[in-house]
Number of protein chains: 2
Amino acid sequence: MPRKHSAADAPLRLDNQICFAVYSAAHAFNRVYKPLLDRLGLTYPQYLVMLVLWERDDVPVKDIGEKLFLDSGTLTPLLKRLEAAHLVRRTRSSEDERQVLIALTPQGHALKEKARAVPQSILAASDCSVSELVAMKDEIVALRDRLNAVIGE
Amino acid sequence: MPRKHSAADAPLRLDNQICFAVYSAAHAFNRVYKPLLDRLGLTYPQYLVMLVLWERDDVPVKDIGEKLFLDSGTLTPLLKRLEAAHLVRRTRSSEDERQVLIALTPQGHALKEKARAVPQSILAASDCSVSELVAMKDEIVALRDRLNAVIGE
DNA sequence: TCACATTTAATTGTTCGCAATTGAATGTGC
DNA sequence: GCACATTCAATTGCGAACAATTAAATGTGA
């Protein structure tokens, strides 16, 4: 009985890797977002930063980094590009000169209205009910948090 | 009755975005993989390429790209680094001179044995049963494929 | 107070990821 | 057979992502 694959190799097969499922799904999302975000003049990570700021404004870089799991090496140049696009302002905190506070400009605030069209386009592209997506999201977040807990050890 | 958030803003809230769940889970996986892959001298995308090659060897760049959803702009420099690490060889196909065939070196083949320890470490880190992970993986792959179908339109 | 550790952003260097372009090889339609 | 389109990898340029380091501001203990 010839076999194409050895059973011992199963754990190393690409199609058996949940990490690749997640990795490739993230890229697929990125590609779906791209044309939508192009109209806003944003990249996907920039869009995430704007989501954070639309919820709360005038926050230090560190707070944004904690919410998005990104560090200053990623955020500093990204925020400078958002500043160059006149969407945010970067100012040193007067209370703690180490912190740089990120505030939305009027244009940054205004972009929120244009962004409202994005989530519904994504929902349509995922071709899935809201409840299914919410359930999946919660599972993935739970997995992510368990992984992050291991890293923190 | 004061509300912190408007209901109209719910679709734009970071915690409601499945894409962010996927995005941040991908990064969490990356961080868990890093110390494991450091021992193999591989980055995560390089590990994915090696997974493909351990299944089948002597394939054109295009085939690897189709399996991983990556293009030559990503793969060409990555494969050159794997070649510099003596894990693969790159040769022009004699039948079709446009194609570059990627073959494993003996060291590339040998690395597979060292890599067998990786999946079980990941399984432990995800703190989850195999059947749960398989179910999640299948859901995520189905979502990814629906997203990719939209892009292909 | 003063030495010392901690916190915070910024910087540097390496590796992805992709769009757009180039150039060579191949396939095709007439 | 020959113009033409197509295929494939390589290249270029830009924007992440992160490790490691730097530098300044702040906090802490003796």
Exercise for the section: In sequence, state the C-alpha distance, the side-chain angles, and the governing distance for A/Asn148 and A/Arg144, and then conclude on side-chain contact (heavy atoms from CB on, under 4.5 Å). Expected result: CA-CA 6 Å; A/Asn148 278 332; A/Arg144 176 197 73 196; 3.7 Å; yes
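Annotation: of the two residues near DNA chain D, B/Pro60 and A/Glu97, the 5′-most nearest-nucleotide partner is B/Pro60.
Centroid-to-centroid, the aromatic rings of A/Tyr44 and A/Phe29 stay 6.0 Å apart or farther.
For the pair A/Glu95 CD and C/dT7 C1', the computed distance is 16 Å after rounding to whole Å. At whole-Å resolution of the value, CG in A/Leu48 and P in D/dA16 are 10 Å apart. Atom CE of B/Met50 and atom P of C/dC16 are 13 Å apart (whole Å). Regarding B/Asp96, its CG atom lies at a distance of 7 Å from the C1' atom of C/dA25, rounded to whole Å.
None of B/Asp138, B/Leu143, B/Asp145 except one satisfies the side chain to side chain contact (heavy atoms under 4.5 Å, CB included) rule with B/Val141; the exception is B/Asp145.
With a 6.0 Å radius and a threshold of 12 heavy atoms from other residues, nucleotides or ligands, A/Arg146 has its CZ atom above the threshold.
OP1 or OP2 of D/dT26 has not a single side-chain nitrogen or oxygen of A/Gln99 nearer than 4.0 Å. OP1 and OP2 of D/dC8 both lie 4.0 Å or more from every side-chain N or O belonging to B/Arg92. The shortest distance between the side-chain N/O atoms of B/Arg98 and the OP1/OP2 oxygens of D/dA10 is not below 4.0 Å.
With salt bridges taken as basic N to acidic carboxylate O contacts below 4.0 Å, none links B/Asp63 and B/Lys67. The existence of a salt bridge linking B/Arg13 and B/Asp15 is excluded, since no basic side-chain nitrogen approaches an acidic carboxylate oxygen closer than 4.0 Å.
B/Val88 has its side chain out of reach of B/Thr105: every pair of non-hydrogen atoms, C-beta onward, lies at least 4.5 Å apart.
Between A/Arg116 and B/Ala8, the closest heavy-atom pair is NH1-O, 3.3 Å. A/Leu147 and B/Ala28 make their closest contact through CB-CB, 4.0 Å (heavy atoms, listed as atom of the first residue, atom of the second, distance).
Sorted by residue number, the members of residues 61-80 of chain B with any non-hydrogen atom under 4.0 Å from DNA chain D read B/Val61, B/Lys62, B/Ser72, B/Gly73, B/Thr76, B/Lys80. Near DNA chain D, meaning a heavy atom under 4.0 Å away, the residues from residues 19-45 of chain A are A/Thr43, A/Pro45.
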